[in-house]
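A, B, ... follow the sequence lines: proteins, then strands. Residue 1 opens every chain. Reckoned from all heavy atoms, side chains included, excluding hydrogens, waters and symmetry mates.
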Number of protein chains: 2
Amino acid sequence: MASSDSLPRHAHVASELRQRIIRRDYLIGESLPTESALCTEFGVSRGPVRQALATLKNEGLIRLSQGKPAVVRSHDATQTLDTFTPFTQWAQRNGRTAGSRTVEVARRRASEPAQVALDLAATDFVVDVLRVRLLDGEPAMIERSTFIDSVGSLLFDFDTDSGSMTDYLAGRGVYFDSMEHILDAVAASDVDAENLGIAAGSPLLRERRTSRDQNGRVFEYADDRYRPELVAFSIVNAKTIDPRM
Amino acid sequence: MASSDSLPRHAHVASELRQRIIRRDYLIGESLPTESALCTEFGVSRGPVRQALATLKNEGLIRLSQGKPAVVRSHDATQTLDTFTPFTQWAQRNGRTAGSRTVEVARRRASEPAQVALDLAATDFVVDVLRVRLLDGEPAMIERSTFIDSVGSLLFDFDTDSGSMTDYLAGRGVYFDSMEHILDAVAASDVDAENLGIAAGSPLLRERRTSRDQNGRVFEYADDRYRPELVAFSIVNAKTIDPRM
DNA sequence: CAGTGGTCTAGACCACAGT
DNA sequence: CTGTGGTCTAGACCACTGA
């Protein structure tokens, strides 16, 4: 055993088990070691072990039930709730090639939906980024991001066609801490249709997103529209429903 | 204060705090009582209190940070990761009136997508339920559910226009334990359009769902199509998820 | 029945917030 | 600094699983 990271023990246990599952050390339907075995192996008490198992459960990797050890539910976290990882990382995990074609990066006054989402006044400036995102070279999504001015101004030094904007911002001290997504469907506008190479009026899966940084401040509002033939969102929720309520 | 249910203490704490938040006892941005205050109030140790707070965090109701008490993030328990609530319950929580108009309940051989999702042979029988779901009397969603035969046959004794199918099945020993959702967009078919009272070709938000019972067996496959003007899905996901202790 | 996970307690130490 | 939440331990009891 190496690794005496600064990671909390429960995170270390979760990370190790997650790797084993992704590496297919266990088959689907197979049981993980018992909790007490994991306690022994990692030299921790039951608390951190159970916290790690809860994490993997929330990721859709395992299923928990009383009286018997955890069971592997899926090998890849990609198809599960981690769909809400940034586009570039998501594509990489799925073995696809992600690309970007930037249409514009503009500093202007906030649009009305952005004002509401970012809690800004009509006179406040924001930075709008309009990009077409490509999967294996094919247009798969059109992304309209709006950043608050202090964050958006960082983007003028960044080649929005290369690399991950998420990683770039993280390097500048802006971390995505939590996101809220609203999913619905819209008909493709003329602009959408032209940039995605589809017919106007085609159904698109829309994700409207507000992102908060580590201090809980909203700094991004985005309207992403996906071609449903190419991208779908997958969500797993493993949870026993409470009788009451 | 009533309820000394057989609910676990952490569930009781979570339920009570959830009600207070929905009831707007705390404003958005306001702090909840400290953990030790909650321990005193509910007469429990920190473990259950922290587990309850983790639940509310996963539901997107509160935000946690180190060194200061939990902060209210939202008043609405919308469709979050942990609470992908059945239609009827979701409507009730949001103060809407849910209704159903059953088009057909039929026992027949499984369609191809259902065969795949339910892991059945082409010769196996299933029970299909086609319903229009109403919100405040207006058609909001068209639901095509397919149940494995053993579960579906229970439904012939059930008035699918009244009450909650989820509750009914739970009463017969079939519990929804985990679900997987795939979200995308489709153009309304002629059948969709007619039943929802919209134009054919209109964009609809589609949710394809496979549900497992408490033994991990898939027993339902559903294709639900929502009118995006009336219903959208809201999902909150935060960086670190950490129940337990 | 023995073993397992689900829950809970009563302590403890650390990192961080606000004063 | 004090108080807060984040983490951890070492016990314990109960409900369920499976031989």
Side-chain angles (χ1 to χ4, degrees), chain A residues 4-15 17 29-58 62-73 175 177 214-217 238-243, chain B residues 4-15 17 29-58 62-73 82 173 175 177-178 213-217 238-245:
Chain A
S4 58
D5 298 284
S6 59
L7 273 181
R9 299 181 208 260
H10 71 84
H12 175 245
V13 174
S15 173
L17 292 177
E30 198 171 341
S31 291
L32 260 55
T34 65
E35 292 184 356
S36 63
L38 294 172
C39 292
T40 306
E41 173 183 350
F42 291 99
V44 298
S45 63
R46 268 184 88 196
V49 164
R50 286 184 57 73
Q51 196 164 344
L53 292 175
T55 299
L56 299 183
K57 168 185 169 178
N58 280 338
I62 63 173
R63 179 167 41 242
L64 303 179
S65 46
Q66 191 168 100
K68 47 186 178 183
V71 167
V72 174
R73 181 204 151 86
Y175 302 95
D177 181 77
Q214 61 273 28
N215 300 317
R217 195 184 48 158
K239 187 73 173 191
T240 324
I241 294 179
D242 291 13
Chain B
S4 59
D5 297 283
S6 58
L7 276 180
R9 300 180 206 262
H10 70 83
H12 175 246
V13 174
S15 176
L17 293 177
E30 199 172 339
S31 290
L32 260 54
T34 65
E35 290 184 357
S36 64
L38 293 172
C39 292
T40 305
E41 173 183 349
F42 291 98
V44 299
S45 64
R46 268 185 87 195
V49 165
R50 286 184 57 72
Q51 198 165 345
L53 292 175
T55 299
L56 299 183
K57 171 185 173 177
N58 280 340
I62 62 173
R63 178 166 36 246
L64 303 178
S65 45
Q66 190 168 104
K68 49 186 176 183
V71 167
V72 174
R73 177 202 157 86
D82 267 347
Y175 301 96
D177 183 75
S178 74
D213 66 13
Q214 61 272 27
N215 301 317
R217 193 184 49 156
K239 216 35 168 195
T240 5
I241 308 178
D242 31 276
R244 184 41 243 165
M245 190 79 213

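Taking all atoms of both residues into account, the shortest heavy-atom contact from A:Val44 to A:Arg9 is CG1-CD, 3.5 Å. Scanning all heavy atoms of the two residues, the minimum distance from A:Ser31 to A:Val71 falls at OG-CG2, 4.0 Å.
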For this session: Starting from the C-alpha separation in whole Å, work towards a yes-or-no answer on side chain to side chain contact (heavy atoms under 4.5 Å, CB included) for B:Leu17 and B:Leu38.
Result: CA-CA 10 Å; B:Leu17 293 177; B:Leu38 293 172; 4.1 Å; yes
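Between the C1' atom of D:dC16 and the CD atom of A:Glu35 lies a distance of 14 Å, rounded to the nearest Å. Protein atom CD of A:Gln51 is 14 Å distant from nucleotide atom P of C:dT7, rounded to whole Å. Per the geometry, CZ belonging to B:Arg50 stands 16 Å off C1' belonging to C:dT7, to the nearest Å. If you take CZ of A:Arg9 and C1' of D:dG6, they are 13 Å apart, rounded to a whole angstrom. Regarding B:Leu7, its CG atom lies at a distance of 14 Å from the P atom of D:dA15, rounded to whole Å. In this structure, CG of A:Leu53 is placed 13 Å from P of C:dT7, rounded to the nearest angstrom. Atom NE2 in A:His10 sits about 15 Å away from atom C1' in D:dT9, given to the nearest Å. Note: CD1 (A:Ile62) to P (C:dG5) measures 11 Å, nearest angstrom.
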Look for any protein N or O under 3.5 Å of an N or O in nucleotides 13-19 of chain C and output each such pair with its distance, or none.
{"residue": "C:dC16", "atom": "O4'", "partner": "B:Gln66", "partner atom": "OE1", "Å": "2.9"}

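The line from CD of B:Glu35 to OG of B:Ser45 is 11.0 Å long, rounded to the nearest 0.5 Å. Note: B:Arg63 CZ to B:Arg73 CZ = 5.5 Å, rounded to the nearest 0.5 Å. Within the model, atoms CZ of B:Arg50 and CG of B:Leu64 stand 7.5 Å from one another, a figure rounded to the nearest 0.5 Å.
Nucleotide C:dT19 forms no Watson-Crick or G-U wobble pair with any nucleotide shown, as no partner meets the under 3.5 Å limit on both distances.
Across all strands shown, B:Ser45 has heavy atoms under 4.0 Å from base atoms, whether or not it also approaches the sugar-phosphate.
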